[in-house]
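Start at 1 and go down the list; that is how both ligands and their atoms are numbered. All values below come from the heavy atoms of this structure, side chains included, with hydrogens, waters and symmetry mates left out.
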Amino acid sequence: MGWVNRWRDHGQLIFVDLRDRAGITQIVFNAENDPELHRNAKSLRSEYVIAAHGIVRVRDKGLENPNLKTGEIEVVARELWVLNEAKTTPFPIEDEITTSEDLRLKYRYLDLRRPRMQETFRMRHLATMAVRRYMDTQGFWEVETPILTKSTPEGARDYLVPSRLQHGSFYALPQSPQLFKQILMISGFEKYFQIVKCFRDEDLRADRQPEFTQVDIEMSFPRRHELFTMIEGMMAEVFALKGINIPLPLPRMTFQEAMHNYGSDKPDTRFAVFIRDFTDLFRTAESSLFRDIAETGGTVRGLVAPKTSYSRKQLDDIAAFVKQLGGAGVAWIKIGEDGINAAPVMKNAGSATVQAVIQRSGASTGDTVFLMAGPTEATLNFLGALRLELARKENWIAPGLWNMLWVLDFPLLEFDSVENRWVSRHHPFTSPVDEDLEILTSHPERVRAKAYDLVLNGTEIGGGSIRIHRRDVQSAIFKLLGFSEEEARDKFGFFLEALEFGTPPHGGIALGLDRLVMILTGQSSLRDVIAFPKTARAVDLMSGSPSPVSDQQLRDLGIQVRKH
Ligand code: ASP
């Protein structure tokens, strides 16, 4: 039983490729054996659902199909039932289609019939099962937490659900089960996990979805290395599904190292090009823009693009790339066969400085040094982006590398200049590093967090932290984040109270399951690993949600809609 994938009418013989979840099998209808059956088979069309009954036989010599797993056999039909007919599909059910994604999403059920999609969801199932099995063997309990809940701050906008019984009150869909999993630790559950949907109403970049799935984990009395070992074991099992060996233990890198060497808190370590600091060299340079920046608290950093010998046009393109990111510009030094050629900004700094830069950078003939100057964080970010762009252009990344690592010691806070206050980098329940507690109010910018991210090939695949388990520390953090006592009580009163009833030290992590599956299946979009995803405008093209509701429904909810 299955779908007619393809049919070929060769006069006396009709061949049907029957497709089901496992693949394709050829069925033959022979007019000589049974003229009536052969006549019936003539009515078959693509995507009809049929049942056939017959004899499996080895195909004649020379007629085998090496591209099919079942290519050495065929079924000679004795009986045929058409279980359901099908209209002509808007696109063919095969992997190589050029159909627009919108059409694929509108007819998602047809899109999901394609072999590549079926394989993707088989992998997703295997990954999910591997996680569940592994977590069970590690003593974790899967516990469900509510979807209709109270807002938890993960830094995004909430999806809200109006209450019918209390007009003007709203549930928030969880951005993550953060507070519930911490409360389960207070409940004495010790080890929790859940494969769970999270909802964030963000403007969607190419690789985001408004609802996505996390492997959410929390444990009591955690030691960081135990938690890491446990997650590493899980990653090893999940990647083993694809025959990929992840060498353990995973390397660890501090946030500082990641930013300074890679210009990113999710460093792609698959290629050895590193950012370097040249600021001190410019303090003694001839009077120039870079010297001004170096002298007024800014930084000058750069990287070497080996064996690039860029033309003027290519250098202009690179400058345009940096501008489009928002950077002021990029200076370069080309080390050619015929000598050194530098951008005007570099020339002003004087040839001694240019020489000193080349020497420190380790660049040699054929290489290009790129330099940027400005505030430290922004400069590192721009160089980090440039580093990745050059890697893409120059194919610096060898295929088949799986560089997974932990990034540690993130800053606890970052300053939000729009809101003019400190905000949590991770979330407000992340514990500061113990030694840094004393500088919490005097130097908030220097306080490190007990937070960690799991990074694979330059993509963050998970993040978590050891939590605050003391009420006084939690209150101090809320205060630092600018919540008044009243606001803190209003938003998290239940949680603050819970902290007062014997809260064990605890910590956890959440891993992005969609992204993991995307990496495992080599799909290039999150939408291809979610059965029913939404578009960049957060629309489900198949079911047509979101959609207006009836006036009666709005009245029940006490809601009046302003029409634009
Ligand atoms: N709740 C966090 C997140 O969704 C993860 C964690 O801290 O466990 O990113």
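Taking a 4.0 Å cut-off on heavy atoms, Q182 fails to register as neighbouring ligand 1.
Between Q175 and ligand 1, no N or O atom pair is found at a separation short of 3.5 Å. Looking at ligand 1, you'll find an N or O of Q178 within less than 3.5 Å of one of its N or O atoms. Between H426 and ligand 1, at least one pair of N/O atoms sits closer than 3.5 Å.
Panel note: side chain Q553, backbone S550; a donor-acceptor pair is recorded below 3.5 Å.
Proximity of the aromatic rings of F415 and W422 is defined here by a centroid distance below 6.0 angstrom, and this criterion is met.
Distances below 4.0 Å separate heavy atoms of G464 from the following atoms of ligand 1: 6 (C), 7 (O). Per-residue contacts place A510 under 4.0 angstrom from the following atoms of ligand 1 (heavy atoms of the residue considered): 5 (C), 8 (O). Every atom of ligand 1 with a heavy atom of R200 under 4.0 Å away is listed here by number and element: 3 (C), 4 (O). Every atom of ligand 1 with a heavy atom of I509 under 4.0 Å away is listed here by number and element: 8 (O).
Within 6.0 Å of CZ on R421 lie more than 12 heavy atoms contributed by other residues, nucleotides or ligands.
Contacts between E460 and ligand 1 below 4.0 angstrom, taking non-hydrogen atoms only, are absent altogether. At a heavy-atom distance under 4.0 Å, no atom of E218 approaches ligand 1. The side chain of R467, and not its backbone, has at least one atom closer than 4.0 Å to an atom of ligand 1 (non-hydrogen atoms only; side chain from C-beta on). When heavy-atom distances to ligand 1 are checked against a 4.0 Å cut-off, S176 comes that close only through its side chain, counted from C-beta outward. By the criterion of a heavy-atom distance under 4.0 Å, the side chain of K181, and not its backbone, is placed next to ligand 1.
Considering R208, R157, K534 in turn, R208 is the only one that fulfils the salt bridge (charged side-chain N to carboxylate O under 4.0 Å, His left out) rule with E202.
From the protein, the heavy atom lying nearest to atom 9 (O) of ligand 1 is E154 OE1, 3.8 Å. Among all non-hydrogen protein atoms, the one lying nearest atom 5 (C) of ligand 1 is G463 O, 3.4 Å.
The closest side-chain donor-acceptor pair between T120 and R122, if any, does not fall under 3.5 angstrom. Side-chain atoms of T279 and T299 form a donor-acceptor pair, as typed in the model, at a separation below 3.5 Å.
By the 30° and 60° cut-offs, the orientation of the rings of F492 relative to F478 is parallel. A parallel orientation is assigned to the rings of F228 and W406, their planes being inclined by less than 30° (bins at 30° and 60°).
From Q118, atom CD reaches atom CG of L112 across 7.5 Å, with rounding to the nearest 0.5 Å.
For residues 498-509, the salt bridge (charged side-chain N to carboxylate O under 4.0 Å, His left out) pairs, not counting sequence neighbours, are R471-E500.
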